[in-house]
Amino acid sequence: MDSLSNKRIILGVTGGIAAYKSADLVRRLVKMGAEIRVVMTPAATEFVRPLTFQALSGNTVHSALVDSDAEAAMGHIELAKWADLLLVAPATANTISTLVQGRADTLLGAIYLALNAPTMIAPAMNQAMWHHPATISNLETLSRTGVEIIEPDRGSQACGDIGLGRMQEPSQIVDRVAARFHSEILLGRKLVITAGPTREAIDPVRYISNHSSGKMGYALAAAAVEAGAAVTLISGPVDIPPPDKCLLINVTSAEDMYEAAKKACGNGEIFVSAAAVADYRCIDISEKKIKKTKNVITMSLERNVDIVSRISTLKPNLYVVGFAAETENLIKNAKAKLHQKRLDAIIANDVSRPDIGFNADDNEVFWITKDIVKNLARDRKSRVCREIIQLIAAAFDEQKAAETSEEQTG
Ligand code: C5P
């Protein structure tokens with residue numbers, strides 16, 4: 001089953017008897033690695049106590065729209081910004097109409113309006129309510145605006161009726177949520193991604209390196225896996241766990257990274273060079289630890305191979321994406337690198353800002369090709385990287401289509 005690690009989900013629980021099943025839903029989502037924040041409508045708290053959800057999710061449950069304590073911890077706008085997905089399960093007929101009307105008189109309604117992420121709902125209601133024209137029209141409206149409806153099940157209902165309207169089983173809902181995070185835009189494509197810093201040895205205990213955390217490269221690898229790609233992640237030394245389902249190759253120096261990348265790109269289709277490769281290495285690496293006997297010592301350094309540049313020359317058919325970490329003249333310098341290194345695209349980020357870039361959890365970048373300069377607004381690296389993967393997939397498809405039509409006309 002697909003993992004939900006690093007996915008932030010708001011589970012909206014509304015006032016229906018199926019709310020008891022939402023406890024199992026939280027347990028299953030957490031087990032798959034998702035981070036869950038539960039938002040309950042006041043009516044839902046009559047069915048299940050918030051403490052149940054707090055214990056299962058490990059997070060405070062949010063319920064009141066105006067609650068100074070909760071607002072101080074995480075208000076509705078912050079919650080809305082935090083989420084990768086809003087899942088409302090069970091979604092009562094009343095909450096569904098609240099969402100349709102865009103009412104913000106409940107916390108859940110306010111979050112829905114402020115959200116910058118997809119919404120899924122798992123309706124649960126009596127079979128007559130489910131078949132009512134008002135419900136049918138409300139669901140059509142939500143569906144038209146992109147809300148994914150997890151159709152209810154048929155069977156005997158809490159009220160004694162038999163028919164459609166029982167909330168879908170938690171295991172089915174979890175499968176739908178996992179599927180929502182996956183696409184096929186890079187299905188079967190072979191991606192090679194480098195990430196993290198490299199270390200260039202000075203002696204057996206010391207090295208030259210940089211502040212790269214690997215977060216951007218790892219988030220790109222995770223997003224590429226979600227898009228269906230077969231990913232080889234070549235990583236310098238970092239402290240973060242690798243994403244699921246990619247082939248991880250650990251390296252230390254730029255030379256190791258180059259060898260690994262060259263080999264992996266042998267049958268790759270797309271190469272993304274997110275690593276912060278050290279530009280220089282020591283000419284003479286001391287075999288023994290250098291003693292601090294002298295006040296001044298001198299080291300001679302030589303240029304490392306420029307991995308991305310060398311690989312784009314060696315493999316002209318590869319779609320190559322580089323990075324430009326700049327502290328000034330961001331776009332101009334990035335465009336120059338795009339050209340010099342013969343890249344298909346370059347992602348430029350301003351590393352002079354402490355809130356984004358190196359080591360930070362957020363980033364704001366520019367996607368630059370020979371024809372386009374596109375700003376990707378500041379957001380969590382995982383979300384920026386999903387956007388980058390969409391851009392890579394579209395540009396790669398476009399290039400393939402152009403090659404095919406050239407072959408046909410030529
Ligand atoms: O020239 P600069 O290091 O700023 O170029 C950035 C791009 O070049 C990044 O994609 C980085 O991974 C790559 N690079 C490389 N090998 C080097 C230095 C940089 O592949 N030795």
Side-chain angles (χ1 to χ4, degrees), residues 191-201 207-221 224 231-238 249-266 268 270-283 301-316 318-353 356-359 363 365-370 376 381 384-385 388-389 391-392 395:
L191 246 87
V192 179
I193 300 177
T194 62
T198 63
R199 283 180 187 170
E200 310 303 321
Y207 55 80
I208 302 170
S209 191
N210 58 61
H211 294 297
S212 169
S213 60
K215 285 179 185 166
M216 199 64 189
Y218 277 48
L220 276 169
V231 179
T232 304
L233 176 61
I234 302 171
S235 175
V238 295
I249 301 176
N250 288 306
V251 295
T252 306
S253 67
E255 195 56 38
D256 298 343
M257 188 174 270
Y258 171 62
E259 290 303 329
K262 190 168 69 172
K263 195 162 165 230
C265 286
I270 300 170
F271 177 45
V272 184
S273 169
V277 187
D279 291 320
Y280 291 91
R281 65 172 169 223
C282 292
I283 294 181
L301 306 177
E302 65 183 339
R303 280 288 294 270
N304 266 325
V305 55
D306 191 299
I307 301 173
V308 76
S309 196
R310 182 77 67 85
I311 286 186
S312 76
T313 309
L314 283 177
K315 293 261 307 169
L318 202 63
Y319 189 87
V320 182
V321 183
F323 270 71
E326 301 289 337
T327 52
E328 56 189 349
N329 297 327
L330 184 61
I331 309 282
K332 188 164 161 260
N333 289 342
K335 278 187 171 171
K337 278 180 193 166
L338 176 80
H339 179 70
Q340 282 154 13
K341 295 180 188 240
R342 292 167 299 273
L343 308 177
D344 295 291
I346 193 157
I347 295 152
N349 67 260
D350 182 346
V351 286
S352 68
R353 282 172 53 181
I356 57 167
F358 274 155
N359 249 317
N363 213 349
V365 301
F366 289 86
W367 163 264
I368 303 174
T369 65
K370 67 179 182 1
L376 307 186
K381 282 184 175 170
V384 172
C385 287
I388 292 175
I389 288 297
L391 288 164
I392 291 178

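Just so you know, ligand 1 is whichever comes first in the structure, and atom 1 is the first atom listed for that ligand.
- For the pair F323 and ligand 1, the shortest N or O to N or O distance falls below 3.5 Å.
- Residue contacts with ligand 1 do not include A324, since none of its heavy atoms lies under 4.0 Å from the ligand.
- Annotation: K337, atom NZ; neighbour count of heavy atoms from other residues, nucleotides and ligands within 6.0 Å is above 12.
- Ligand-side atoms of ligand 1 in range of G322: 10 (O), range being under 4.0 angstrom from any heavy atom.
- Interface of V308 with ligand 1, defined as ligand atoms under 4.0 Å from a residue heavy atom, comprises 8 (O), 13 (C), 15 (C), 20 (O).
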Q.
Using the rule given for side-chain hydrogen bond (donor to acceptor under 3.5 Å, both in side chains), can you reason through S235 versus Y218, listing the C-alpha separation, both sets of side-chain angles and the distance that settles it, and then say yes or no?
A. CA-CA 9 Å; S235 175; Y218 277 48; 2.7 Å; yes

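- Proximity of M257 to ligand 1 is not established, as no heavy-atom distance is less than 4.0 Å.
- Some N or O of K337 is nearer than 3.5 Å to an N or O of ligand 1, by distance alone.
- With contacts defined as side-chain heavy-atom distances shorter than 4.5 Å, the pair R342/V320 does not qualify.
- Using a 4.5 Å heavy-atom cutoff, the side chains of K262 and V305 are not in contact.
- Between the CG atom of L318 and the OG1 atom of T313 there is a distance of 11.0 Å, given to the nearest 0.5 Å.
- Between I307 and ligand 1, at least one N/O pair is under 3.5 Å apart.
- Those atoms of ligand 1 that come under 4.0 Å of a heavy atom in A275, given as number and element, are 11 (C), 12 (O).
- Not a single heavy atom of I346 lies less than 4.0 angstrom from ligand 1.
- Less than 4.0 angstrom separates some heavy atom of V305 from each of these atoms of ligand 1: 16 (N), 17 (C), 21 (N).
- Taking the side chain as every heavy atom from C-beta outward, P197 and V238 approach each other to under 4.5 Å.
- Looking at C282 and E200, their side chains never come closer than 4.5 Å, going by heavy atoms from C-beta outward.
- Residues V231 and I193 approach most closely at CG1-CD1, 4.0 Å, considering heavy atoms.
- In the vicinity of D279, heavy-atom distances shorter than 4.0 Å reach the ligand 1 atoms 3 (O), 18 (C), 21 (N).
- Ligand 1 has an N or O atom lying under 3.5 Å from an N or O atom of K341, backbone or side chain.
- Considering only heavy atoms from C-beta on, I311 stays 4.5 Å or farther from V192 through its side chain.
- Using a 4.0 Å cut-off to heavy atoms of S273, the atoms of ligand 1 that qualify are 9 (C), 10 (O), 11 (C), 12 (O), 13 (C), 20 (O).
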